J.: 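Pasting a structure below so you can have a look.
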Protein chains: 2
Amino acid sequence: MGDTISTDAEIFIAKFSSYVDLSEAEIRVIEELTRDCMAFDENQDIIQESEKNASAYLLQSGWAIRYKIVPNGGRQIISFLLPGDIFGFRESLFDLSDDSVQALTPVRVHRIPAEKIADICDNSTNLSLALTWARAREQAILMEHIVRLGRRNAYERLGHLLLELLHRLQLVDKAGRSDYFLPLTQEVLADTLGLSIVHVNRTLRKLRNDRMIELDPQTRRLKIIDQEALSERAGYDQTFLDQSALTQDCVNDAVG
Amino acid sequence: MGDTISTDAEIFIAKFSSYVDLSEAEIRVIEELTRDCMAFDENQDIIQESEKNASAYLLQSGWAIRYKIVPNGGRQIISFLLPGDIFGFRESLFDLSDDSVQALTPVRVHRIPAEKIADICDNSTNLSLALTWARAREQAILMEHIVRLGRRNAYERLGHLLLELLHRLQLVDKAGRSDYFLPLTQEVLADTLGLSIVHVNRTLRKLRNDRMIELDPQTRRLKIIDQEALSERAGYDQTFLDQSALTQDCVNDAVG
DNA sequence: CTTACGCATTTACATAGGTTATGCTTGATC
DNA sequence: GATCAAGCATAACCTATGTAAATGCGTAAG
């Protein structure tokens, strides 16, 4: 303890620091928030469907999904939640959408009660900005998912998603230069991309044959062989997640 | 003027009032905000692609779309903006997603500069709540659109969308019991639902043949003949937009 | 060791939806 | 009032993707 930063806080400090300058006090707040931790097992629900919920969750480790069940029994996965992500902070008076959040792998989260969120935002412009930014980012990801589902074919959808995940994981240091651990079954991919399992299998094979990716179903290690080529082929635009677009001038504009 | 409420303010006052109790002062703020007005013509861009923009817009009248252009030239419409909607208030330091907003019909909007938003939120819990609620609602609509695209067929997609629009318009008094003015070409519907124009045409005919809807392409009046049946058939769940779920207890929980 | 289960894989076949092309209205423009 | 463009309609044909069913493999449980 003492002057050292707790391991759990690091990922969030790093993430926030990439676009705001955190003060000592703010770092201490983050450490305090990440002190307590809840663990969930694979397939366990983190937020139940239609739970009225204003608290926020910081995802420390593991993968989770946000999904909805369709009347005919199908499931649509709406988004992936990765380490460093913040979720659940809808702050709505009531939950409009009956979506659920479920752990895909063992997961650790830090829960921040609603009152605490308000308190933190009142006392720190930077942390309030961080929340705002997380919200905007989440929305950008949802919108990109809509485009993926509406205007791309299976091959492009898969390529696009795999690139997005690589990119997002890299931002929190959970991926190599071109490979990462992908804990998704073909069923999960199908429910994400609006495809059948069989067709995901076919398309994955095509990606392998085209030497776009390598994927070992045993180790679950995915390697993207030629990012450039795949981005081109799948119509992937990195900038939609890029914080590098953010210059300090921008920050000053917004804050000042 | 004097004690009368300006016509333009009414729709927003009504909307907000359905879930918070506005004070006299807050009503006056809304009136002030809706005093100035910008007009846009059909097909004119309201927010340009990747414009760094933190201001909010109140949509007074007309229909607009939020859309993205795909590398291969296609267009995906992400959402519809209807009278009473608030949009553009991303407050992000930089715009993550390169989407644009365009008028579909002649449109009137009230622009609220970024500084003013912050100011208003600081001074009124209710109006701040209103913004929060608008954001949550927008997200719920996006998520529902993802499910529509990912897990429903053409018939269900169309039915589902037409019901959502009916429902949303009714909430701002712009629709009858089961009919409304639908200023959308089949091309716009196609770009929204991830379908081809031809297939939208086919599916629309099927909906007409099944006596689910009546649609006169001349007058653009859409009538949903049997809401119950169509909701069933399209897997539409009204509650996802329902503010009636909000009891005063809820509000007290959240605020107190 | 044996069974059983989850997941990936593959084949054969079915179909929803895409593509191309052609007319038909209607309303705007000269 | 001829021409043109936008939008709707419909037909013929094509293909991406879904469905069903069988097989194999690896791992966990008995």
Side-chain angles (χ1 to χ4, degrees), chain A residues 41-43 70 72-76 104-105 148-162 181-210 213-222 233-235, chain B residues 41-43 63 70 72-77 102 104-105 148-161 181-210 213-222 233-235:
Chain A
D41 273 342
E42 207 163 328
N43 294 328
V70 172
N72 72 13
R75 171 179 70 161
Q76 175 64 42
L104 218 51
T105 68
R148 193 156 51 204
L149 289 168
R151 279 287 172 249
R152 296 191 215 273
N153 62 28
Y155 195 94
E156 295 163 342
R157 282 185 217 182
L158 249 171
H160 194 277
L161 176 65
L162 296 178
F181 175 66
L182 181 76
L184 308 182
T185 63
Q186 296 186 354
E187 183 177 11
V188 168
L189 285 170
D191 287 350
T192 304
L193 299 174
L195 299 168
S196 68
I197 301 183
V198 174
H199 200 59
V200 166
N201 185 293
R202 276 198 278 255
T203 309
L204 234 22
R205 175 156 42 82
K206 216 176 286 181
L207 280 162
R208 264 192 260 106
N209 287 346
D210 290 354
I213 65 170
E214 272 167 13
L215 175 57
D216 179 354
Q218 243 55 61
T219 67
R220 298 247 121 121
R221 196 86 200 165
L222 172 82
R233 188 71 204 289
Chain B
D41 273 342
E42 206 163 329
N43 294 329
W63 288 45
V70 171
N72 72 14
R75 172 178 70 163
Q76 176 64 45
I77 293 174
Q102 186 177 74
L104 218 52
T105 69
R148 192 156 52 204
L149 290 169
R151 280 288 172 247
R152 297 190 214 274
N153 62 28
Y155 195 95
E156 294 163 342
R157 284 185 215 181
L158 250 172
H160 193 276
L161 177 64
F181 175 66
L182 180 76
L184 307 182
T185 64
Q186 297 185 352
E187 184 177 10
V188 168
L189 286 170
D191 287 349
T192 304
L193 299 174
L195 300 169
S196 67
I197 302 183
V198 175
H199 200 59
V200 165
N201 185 294
R202 278 198 275 254
T203 310
L204 235 22
R205 175 157 42 84
K206 216 175 285 178
L207 279 161
R208 264 191 261 108
N209 287 346
D210 289 355
I213 64 169
E214 274 168 11
L215 175 57
D216 180 353
Q218 245 54 62
T219 67
R220 299 246 120 121
R221 197 87 199 163
L222 172 83
R233 187 72 203 287

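Note that the coordinates shown come from a computational prediction; the quantities given were computed from them, not determined experimentally. Worth knowing before you read on, the calculation uses all heavy atoms, side chains too, and leaves out hydrogens, waters and symmetry mates. Chain A is the first sequence line, chain B the second, and so forth, proteins listed ahead of strands; every chain is numbered from 1.
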J.: Under the salt bridge (charged side-chain N to carboxylate O under 4.0 Å, His left out) test, which residues partner B:R233, sequence neighbours left out?
T.: B:D210

J.: Hey, could you give me the OG1/CG distance between A:T105 and A:L184, rounded to the nearest 0.5 Å?
T.: 9.5 Å

J.: When rounded to the nearest 0.5 angstrom, what is the spacing between CZ in A:R75 and CD in A:E187?
T.: 5.5 Å

J.: Can you measure from CG (A:L204) to CG (A:L189) and round to the nearest 0.5 angstrom?
T.: 6.5 Å

J.: Whole-Å distance between D:dC8 P and B:L182 CG?
T.: 10 Å

J.: Please assess B:L158 against B:I213 for the test side-chain contact (heavy atoms from CB on, under 4.5 Å), listing each intermediate value before the final yes or no.
T.: CA-CA 11 Å; B:L158 250 172; B:I213 64 169; over 6 Å; no

J.: Search all heavy atoms of B:L161 against all heavy atoms of B:R148 and return the closest pair with its distance.
T.: CA-NH1, 3.5 Å

J.: Quickly work out the B:L207 CG to D:dA9 P distance and round it to whole Å.
T.: 13 Å

J.: Would you tabulate the pairs of protein nitrogen or oxygen atoms and nucleotide nitrogen or oxygen atoms of nucleotides 22-26 of chain D closer than 3.5 angstrom?
T.:
none

J.: Do you know which two heavy atoms are closest between B:R152 and B:A234, and how far apart they sit?
T.: NH1-O, 3.4 Å

J.: So which atom in B:W63 and which in B:F181 form the shortest heavy-atom distance, rounded to 0.1 Å?
T.: CZ2-O, 3.6 Å

J.: Using whole Å, report how far OH of A:Y155 lies from P of D:dT15.
T.: 19 Å

J.: Which is true for B:R220 with a 4.0 Å heavy-atom rule: it touches a base, it touches only sugar-phosphate, or it touches nothing?
T.: sugar-phosphate

J.: Using a heavy-atom distance cut-off of less than 4.0 Å, which residues of residues 188-204 of chain B contact DNA chain D?
T.: B:V198, B:N201, B:R202

J.: Measuring from B:T203:OG1 to B:L193:CG, what's the distance to the nearest 0.5 Å?
T.: 9.0 Å

J.: Over the length of the helix from C:dC1-D:dG30 to C:dC30-D:dG1, how much do the five-pair end axes diverge, rounded to 10 degrees?
T.: 30°

J.: Mind checking if B:R208 touches a base, just sugar-phosphate, or nothing, with heavy atoms under 4.0 Å?
T.: sugar-phosphate

J.: Could you tell me how far apart B:R151 (CZ) and D:dG18 (C1') are, to the nearest whole angstrom?
T.: 11 Å

J.: Go through it in stages, so that I can follow the logic: the residues are B:K206 and B:N209, the test is side-chain contact (heavy atoms from CB on, under 4.5 Å), and I'd like the CA-CA distance, side-chain angles, deciding distance and then a yes or no.
T.: CA-CA 5 Å; B:K206 216 175 285 178; B:N209 287 346; 5.6 Å; no

J.: Please list, in 5' to 3' order, the outermost nucleotides of DNA chain C lying under 4.0 Å from any heavy atom of chain B.
T.: C:dG17 to C:dT26

J.: Under the side-chain contact (heavy atoms from CB on, under 4.5 Å) test against A:Q186, which residue among A:D191, A:I197, A:V198 passes?
T.: A:I197

J.: Kindly compute the distance separating CG (B:N201) from CG (B:L195), expressed to the nearest 0.5 Å.
T.: 12.0 Å

J.: Check the distance between D:dG18's P and A:N72's CG and give it to me in whole angstrom.
T.: 14 Å

J.: Not counting sequence neighbours, which residues clear side-chain hydrogen bond (donor to acceptor under 3.5 Å, both in side chains) with B:E214? List them please.
T.: B:R211

